[in-house]
Amino acid sequence: MHLVPADRAGHRTIDGHRVCEAIAAIGAPDRVRAWADRFALLADANRLALLLALHRAGPLAVSDLAVATGMRDPAVSQALRLLRAAGTVAGEKEGRVVRYRIVDGATARLLDEYGEQGGSDTWDALDE
């Protein structure tokens with residue numbers, strides 16, 4: 001059980017090799033925290049809808065995202081502010097219009113998986 005930290009080395013285990021595999025799978029605490037933060041951003045239905053729209057349609061302005069998601073412009077702006085602060089999206093200004101796009105590769109890959117699963121129909125089947 002070479003991966004068990006010293007502060008836990010005295011604890012009894014049933015399957016020591018699996019404990020080591022589990023520790024390796026979990027990885028560094030800062031990496032776990034980064035993924036937890038990423039999932040927290042995705043856990044909000046409005047933010048997820050914005051990300052899905054951006055992922056599928058490409059760069060969009062706040063007003064276009066509002067129409068696509070059924071949200072109001074201020075709510076879209078607030079959500080994009082959080083996503084931008086987290087490094088998930090970035091805005092590109094073209095004259096008076098700012099178009100947002102996804103810049104976080106890990107988030108884009110998660111959204112790819114959503115698309116590969118058939119979108120909402122397949123994910124809805126998980127609820128049954």
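Values below: every heavy atom of this structure, side chains too, minus hydrogens, waters and symmetry copies.
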For this session: Tell me, with the steps shown, if Asp112 and His55 meet side-chain contact (heavy atoms from CB on, under 4.5 Å).
Result: CA-CA 8 Å; Asp112 282 339; His55 186 65; 2.7 Å; yes

For this session: Would you check if Arg38 and Asp104 make a side-chain contact, meaning some heavy-atom pair closer than 4.5 Å?
Result: yes

Taking all atoms of both residues into account, what is the closest heavy-atom pair of [X] and [Y], and its distance?
{"X": "Leu41", "Y": "Arg47", "result": "O-NE, 3.1 Å"}
{"X": "Ala79", "Y": "Leu50", "result": "CB-CD1, 3.4 Å"}
{"X": "Ala90", "Y": "Val103", "result": "CB-CG1, 3.6 Å"}
{"X": "Ile102", "Y": "Leu51", "result": "CD1-O, 3.4 Å"}

Exercise. Any donor and acceptor pair, going by atom type alone, linking the side chain of Arg99 with main-chain N or O of Pro59 inside 3.5 Å?
Worked result: no

Exercise. Counting only N and O atoms by type, is there a donor-acceptor contact under 3.5 Å from the side chain of Arg33 to the main-chain atoms of Pro29?
Worked result: no

List the atom pairs, donor and acceptor, that lie under 3.5 Å between side-chain atoms in residues 61-73 and the rest of the protein, sequence neighbours left out.
| residue | atom | partner | partner atom | Å |
| --- | --- | --- | --- | --- |
| Thr69 | OG1 | Leu65 | O | 2.8 |
| Thr69 | OG1 | Met71 | N | 3.4 |

Exercise. Which residues, ordered by chain and number, are linked to Val32 in its hydrophobic cluster, where ILVMFWY side chains connect at heavy-atom gaps below 4.5 Å, directly or through other members?
Worked result: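 Val32 clusters with Ile26.
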
For this session: Answer with yes or no whether the hydrophobic clustering places Leu60 together with Leu82; edges join I, L, V, M, F, W, Y residues whose side-chain heavy atoms lie under 4.5 Å apart.
Result: no

Exercise. Among the clusters formed by ILVMFWY side chains lying less than 4.5 Å apart, do Trp35 and Leu42 turn up in the same one?
Worked result: yes

Seminar exercise, completed: side-chain contact (heavy atoms from CB on, under 4.5 Å) with Thr88: of Leu54, Leu80, Asp37, Leu83, only one passes, and it is Leu83

Problem set entry | Separation between CG of Asp15 and CD of Glu21, rounded to the nearest 0.5 Å | 9.5 Å

